[in-house]
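Order of the sequence lines sets the chain letters (A, B, ...), proteins ahead of strands, with each chain counted from 1.
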Protein chains: 2
Amino acid sequence: MNHTRPYSASLDRLRPAGLRPTRQRLALARLLFETGDRHVTAEQLHGEARDAGIRVSVATVYNTLHQFTEAGLLREVVVDPGRAYFDTNTSEHHHFYTEETGALEDIPGDRVVLALMPNTPLGTVIDRVDVILRLKTDS
Amino acid sequence: MNHTRPYSASLDRLRPAGLRPTRQRLALARLLFETGDRHVTAEQLHGEARDAGIRVSVATVYNTLHQFTEAGLLREVVVDPGRAYFDTNTSEHHHFYTEETGALEDIPGDRVVLALMPNTPLGTVIDRVDVILRLKTDS
DNA sequence: TCAATAATTAGAATGACTCTAATAAATCTC
DNA sequence: GAGATTTATTAGAGTCATTCTAATTATTGA
């Protein structure tokens with residue numbers, strides 16, 4: 001912990017992405033990256049910012065999430081039509097998703113192994129492989 | 001082909017699902033199931049119905065897609081946040097998705113094999129496994 | 001046939017997200 | 001550092017997919 005330069009870790013993320021270290025981006029980066037791996041929606045992050053006393057508009061939250069995703073700092077997870085999740089864990093891994101509760105959780109990359117990859121349609125290459133284990137409560 | 005009872009195949013799908021064979025449901029069932037496996041959005045299906053001269057409201061298209069999904073006649077495919085796809089192929093299989101074009105295509109179930117399933121979180125069981133191979137054009 | 005039940009409808013409402021065009025902040029040049 | 005340039009932020013309007021509402025209409029069971 002370096003209390004004299006509390007934003008330096010976030011600064012170091014923004015710089016190589018060519019993103020100006022604005023007050024809003026730095027604050028959102030701290031919320032996102034200083035508490036371990038997490039999954040957030042824009043609405044959640046906006047709420048957290050508000051609770052932390054950071055004044056930031058919804059538009060900026062969306063802009064920032066997309067810019068961070070472009071820059072490889074975040075990864076978008078598609079599990080729900082009509083709500084985008086962003087994952088701070090950008091390493092190779094997959095997800096558990098419980099529709100009933102909206103809970104989204106990482107599965108370590110080495111716990112899921114895909115075999116026998118099919119040929120892709122002509123003119124395309126694989127960009128990414130998403131595996132989602134959809135869960136239900138077993139009551 | 002039995003031209004004297006053109007709706008009988010669709011009828012036979014609705015009956016066991018406990019869905020009354022209304023004009024709208026029968027017509028949508030024909031559009032969905034009489035041309036082999038396909039992927040549709042509500043908007044697409046509504047457009048097709050319109051083009052085929054079937055008067056059906058958007059609300060009914062949504063209701064019907066959801067009821068058919070509940071009944072196991074369709075399967076919802078989540079590949080895009082903000083747009084729901086429905087697949088008439090309900091057998092075990094996975095998907096190719098090309099974000100740039102919106103193209104969604106089946107991968108036969110036996111071309112993707114998942115190994116080493118992880119333990120699910122306490123109190124949950126696996127409901128379904130979705131594998132999405134996200135493609136990009138290789139230009 | 002007629003009541004009871006269920007489905008359909010138009011249009012309003014919602015919710016997540018994007019756009020606009022005006023203001024403000026960060027950076028670059030001297 | 002001052003001013004010019006570039007880039008970000010913002011509030012609020014706009015959009016798009018989807019769902020809701022409450023009234024009408026169709027289907028079914030007696």
Contact list (N/O, under 3.5 angstrom) for nucleotides 21-30 of chain D vs protein:
{"residue": "dT27(D)", "atom": "O2", "partner": "R20(B)", "partner atom": "NH1", "Å": "3.2"}

By nearest nucleotide on DNA chain D, pick out whichever of R25(A) and A42(B) is the more 5' one.
-> R25(A)
Would you call R75(A) and D130(A) a salt bridge, using N to O less than 4.0 angstrom?
-> yes
Return the value, rounded to whole Å, for the distance between atom CD of Q44(B) and atom P of dC16(D).
-> 16 Å
Phosphate OP1/OP2 of dT9(C): any Q24(B) side-chain N/O under 4.0 Å = yes
Going through the checks in order, is the side chain to side chain contact (heavy atoms under 4.5 Å, CB included) test met by K136(A) and V125(B)?
-> CA-CA 6 Å; K136(A) 59 183 177 195; V125(B) 292; 3.8 Å; yes
Length of the line joining L19(A):CG and dT27(C):P, which is rounded to integer Å = 11 Å
Ring pair (Phe, Tyr, Trp, His ring centres under 6.0 Å) partners for H39(B), two or more places apart | H95(B)
Would you mind checking if R128(A) and E92(A) are paired as a salt bridge, meaning a charged N to carboxylate O distance below 4.0 Å?
-> no
Counting heavy atoms not belonging to E99(B), are there more than 12 under 6.0 Å from its CD?
-> no
dA8(D) C1' sits how many Å from R55(A) CZ, rounded?
-> 14 Å
Identify which one of T64(B), V56(B), I54(B), N63(B) satisfies the side-chain contact (heavy atoms from CB on, under 4.5 Å) criterion when paired with Q24(B).
-> V56(B)
Starting at NE2 of H46(A) and ending at P of dC17(C), how long is that distance when rounded to a whole Å?
-> 13 Å
Test V79(A) against L104(A) for side chain to side chain contact (heavy atoms under 4.5 Å, CB included), laying out the working first.
-> CA-CA 9 Å; V79(A) 285; L104(A) 182 60; 4.1 Å; yes
Between E43(A) (CD) and dT18(C) (P), how many Å, whole number?
-> 14 Å
Selected nucleotide, minimal atom distance to V58(B) side chain, candidates dA16(C), dT9(D), dT18(D) = dT18(D)
Does the side chain to side chain contact (heavy atoms under 4.5 Å, CB included) test come out yes or no for V78(A) and R134(B), once each step is laid out?
-> CA-CA 11 Å; V78(A) 182; R134(B) 293 183 177 270; 3.6 Å; yes
If we fit an axis to the first five pairs and another to the last five of the helix from dT1(C)-dA30(D) to dC30(C)-dG1(D), what angle do they make, to the nearest 10°?
-> 30°
Looking at Y62(A), does any N or O in its side chain come under 4.0 Å of the phosphate oxygens OP1/OP2 on dT18(C)?
-> no
Atom pair distance, as rounded to whole Å: NE2 in H66(B) and C1' in dA7(C) | 17 Å
Please give, in whole Å, the distance from dT15(D) C1' to R83(B) CZ?
-> 13 Å
Rounded to whole angstroms, how far apart are CG on N63(B) and P on dT18(D)?
-> 13 Å
Let me know which of L19(A), L73(A), L74(A) forms a side-chain contact (heavy atoms from CB on, under 4.5 Å) with Q67(A).
-> L19(A)
